[in-house]
Chemist: 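Before I ask anything, here is the structure I am working with.
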Amino acid sequence: MMSLFNSTCMECSQLITQRYSTSFSMGIKVFDKAYRASIYAIYGFVRFADEIVDTFHGHDKAELLQRFKADTYRAIEEGISLNPVLHSFQLVVNQYMIERELIDAFLYSMEMDLHHHQYEDHLYQEYIYGSAEVVGLMCLRVWTNGDELQYQSLKAPARSLGAAFQKINFLRDMKSDFDERGRVYFPGVDFRNFSEEDKLKIESDIKADFDHAYTGIVQLPKGVRFGVYLAYVYYTKLFQKIRNSPAHEVQKQRIRVHDGRKVALLLSSAVRNSLNLL
């Protein structure tokens with residue numbers, strides 16, 4: 001019956017991913033079946049940690065995060081948790097030998113959101129690493145499945161892809177981050193005076209991340225390459241929309257790619273993949 005418990009917990013993480021992110025859900029759906037549950041488990045874990053610091057207003061977020069952190073490490077050490085998100089996550093951590101350092105860095109970045117509202121350069125780089133780059137590295141551990149040489153060769157591009165995704169999220173969510181949480185992630189940026197110069201500098205940084213990330217995407221194992229490429233395509237389309245919008249529009253509204261457009265991107269990307277044009 002343990003297999004039933006395991007699969008039920010994995011399904012909970014899948015549901016969380018589907019409810020919270022259409023982009024990543026569509027990408028995961030085109031992975032080979034062998035990879036899907038593990039990536040859902042990683043996403044469910046990071047999503048719930050992020051919810052603690054971003055959403056649970058009126059509760060003691062610091063206490064909730066410390067409890068979540070302690071429960072995470074206990075689940076990994078004991079190989080079981082009655083929290084389905086943590087149980088599915090520990091299954092993946094223990095199967096693929098995901099390093100404690102990656103988990104530590106991620107949880108520390110979540111803790112940073114409880115104490116910092118303006119991120120100067122060193123904090124910004126540390127936050128980007130912990131909140132996004134290490135998530136890509138966790139996924140890469142699954143995709144390379146014990147092949148250390150392959151993991152090391154793809155490690156830097158995986159970090160760049162995570163960084164690009166996170167920086168685009170920061171641009172997309174500038175208004176809500178400032179209005180609801182008082183946060184400004186970009187170093188030296190005054191939200192009230194967000195300029196075209198500020199925007200162009202950030203966009204140049206993201207473009208460099210994307211260019212580097214693509215060199216790794218095309219080297220990923222075949223079973224996940226198209227899914228990661230699809231997430232890359234969704235985010236590059238969102239990035240294009242942001243680049244085509246003036247700074248004051250980015251400042252006052254959340255720019256997004258509508259679901260119908262995502263379906264069109266899925267179909268066009270599938271054609272490119274079938275023709276080996278990635």
Chemist: In Å, rounded to the nearest 0.5 Å, how long is the span from NZ of K29 to CD1 of I39?
Modeler: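 One finds 16.0 Å between NZ of K29 and CD1 of I39.
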Chemist: Treating Ile, Leu, Val, Met, Phe, Trp and Tyr as nodes and any side-chain heavy-atom pair under 4.5 angstrom as an edge, say whether I80 and M10 lie in one connected cluster.
Modeler: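 I80 and M10: separate clusters.
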Chemist: What's the separation between atom CE in M138 and atom CD1 in I103, rounded to the nearest 0.5 Å?
Modeler: 5.5 Å
Chemist: Atom CZ in R243, atom NZ in K241: separation rounded to 0.5 Å?
Modeler: 15.5 Å
Chemist: Report, as yes or no, whether the 6.0 Å neighbourhood of atom CZ on R256 holds more than 12 heavy atoms from other residues, nucleotides or ligands.
Modeler: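 It does: R256 CZ has more than 12 such atoms within range.
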Chemist: Find out if a path of hydrophobic residues (ILVMFWY) with successive side-chain heavy-atom gaps under 4.5 Å connects W143 to V218.
Modeler: yes
Chemist: Just one of F186, Y119, Y108 clears the ring pair (Phe, Tyr, Trp, His ring centres under 6.0 Å) bar with Y127, so which one?
Modeler: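 Only one of F186, Y119, Y108 forms a ring pair (Phe, Tyr, Trp, His ring centres under 6.0 Å) with Y127, namely Y119.
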Chemist: Out of curiosity, M174 CE to N169 CG, how far, rounded to the nearest 0.5 Å?
Modeler: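 If I round to the nearest 0.5 Å, the distance is 13.5 Å.
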Chemist: Please examine the side chains of E203 and L200, heavy atoms only from C-beta on, and report whether any two atoms are closer than 4.5 Å.
Modeler: yes
Chemist: Think R100 forms a cation-pi with Y73, using NZ or CZ under 6.0 Å from the six-ring centre and within 45 degrees of its axis?
Modeler: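 Cation-pi check for R100 and Y73: passes.
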Chemist: Measure the spacing between CG of L86 and CG of L91 and express it to the nearest 0.5 Å.
Modeler: 11.0 Å
Chemist: Flag the pair Y35 / P221 as yes when at least one side-chain heavy-atom distance between them is below 4.5 Å, and no otherwise.
Modeler: yes
Chemist: How close do S160 and H212 get, counting heavy atoms only, and between which atoms?
Modeler: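 What the structure gives for the nearest pair is OG-ND1, 2.6 Å.
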Chemist: Can you tell whether the side chains of K155 and E133 come within less than 4.0 Å, N to carboxylate O?
Modeler: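 No, no charged N to carboxylate O under 4.0 Å.
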Chemist: Any pair with a residue in residues 106-131 that passes salt bridge (charged side-chain N to carboxylate O under 4.0 Å, His left out), sequence neighbours left out, goes on the list, sorted by first then second residue, please.
Modeler: D113-R183
Chemist: T17: what forms a side chain to side chain contact (heavy atoms under 4.5 Å, CB included) with it, not counting sequence neighbours?
Modeler: S25, I28, Y40, Y43
Chemist: Without hydrogens or angle criteria, can the side chains of D198 and S195 be said to hold a donor-acceptor pair below 3.5 Å?
Modeler: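 The criterion, which ignores hydrogens and geometry beyond distance, is satisfied for S195 and D198.
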Chemist: Using the ring of each side chain (for Trp, its six-membered ring), is Y124 parallel, tilted or perpendicular to F170, with breaks at 30° and 60°?
Modeler: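 Because their plane-to-plane angle lies in the 30° to 60° range, the rings of Y124 and F170 count as tilted.
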Chemist: Under a 3.5 Å cutoff, is there a donor and acceptor pairing between the side chains of E51 and T55?
Modeler: yes
Chemist: Should K207 and D211 be marked as a salt bridge (charged side-chain N to carboxylate O under 4.0 Å, His left out) after you check the CA-CA gap, both sets of side-chain angles, and the distance that decides it?
Modeler: CA-CA 6 Å; K207 177 66 164 56; D211 289 346; 2.8 Å; yes
Chemist: What's the verdict on side chain to side chain donor-acceptor pair (under 3.5 Å) for Q166 and S131, showing C-alpha distance, side-chain angles and the deciding distance?
Modeler: CA-CA 8 Å; Q166 184 66 292; S131 66; 2.8 Å; yes
Chemist: I want to check something: taking the side chain as every heavy atom from C-beta on, are Q118 and Y185 in contact at a cut-off of under 4.5 Å?
Modeler: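 No - every pair of side-chain heavy atoms lies 4.5 Å or more apart.
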Chemist: Between the side chains of H87 and S81, does any donor sit under 3.5 Å from an acceptor?
Modeler: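 Short answer, no.
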Chemist: As an exercise, state the distance from CG of L123 to CE of M112, rounded to the nearest 0.5 Å.
Modeler: 4.5 Å
Chemist: Ring centroid separation for F45 and F106, is it under 6.0 angstrom?
Modeler: yes
Chemist: So F210 and F165, would you call those rings parallel, tilted or perpendicular, with 30° and 60° as cut-offs?
Modeler: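 If you compare the ring of F210 with that of F165, the planes turn out perpendicular.
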Chemist: Answer yes if L114 and F48 sit in the same cluster of Ile, Leu, Val, Met, Phe, Trp and Tyr residues linked by side chain heavy atoms under 4.5 Å apart, and no otherwise.
Modeler: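 Yes: a chain of side-chain contacts under 4.5 Å links L114 to F48.
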Chemist: Taking atom CE of M2 as the centre, does the number of heavy atoms from other residues, nucleotides or ligands within less than 6.0 Å exceed 12?
Modeler: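 Yes, the 6.0 Å shell around CE holds more than 12 heavy atoms from other groups.
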Chemist: Can a side-chain donor-acceptor contact be found between K237 and Q240 if the only test is distance below 3.5 angstrom?
Modeler: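 There is such a pair between these side chains.
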Chemist: With hydrophobic residues grouped by side-chain heavy-atom distances under 4.5 Å, do L15 and V46 end up in a single group?
Modeler: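 No; V46 is not reachable from L15 via cluster members.
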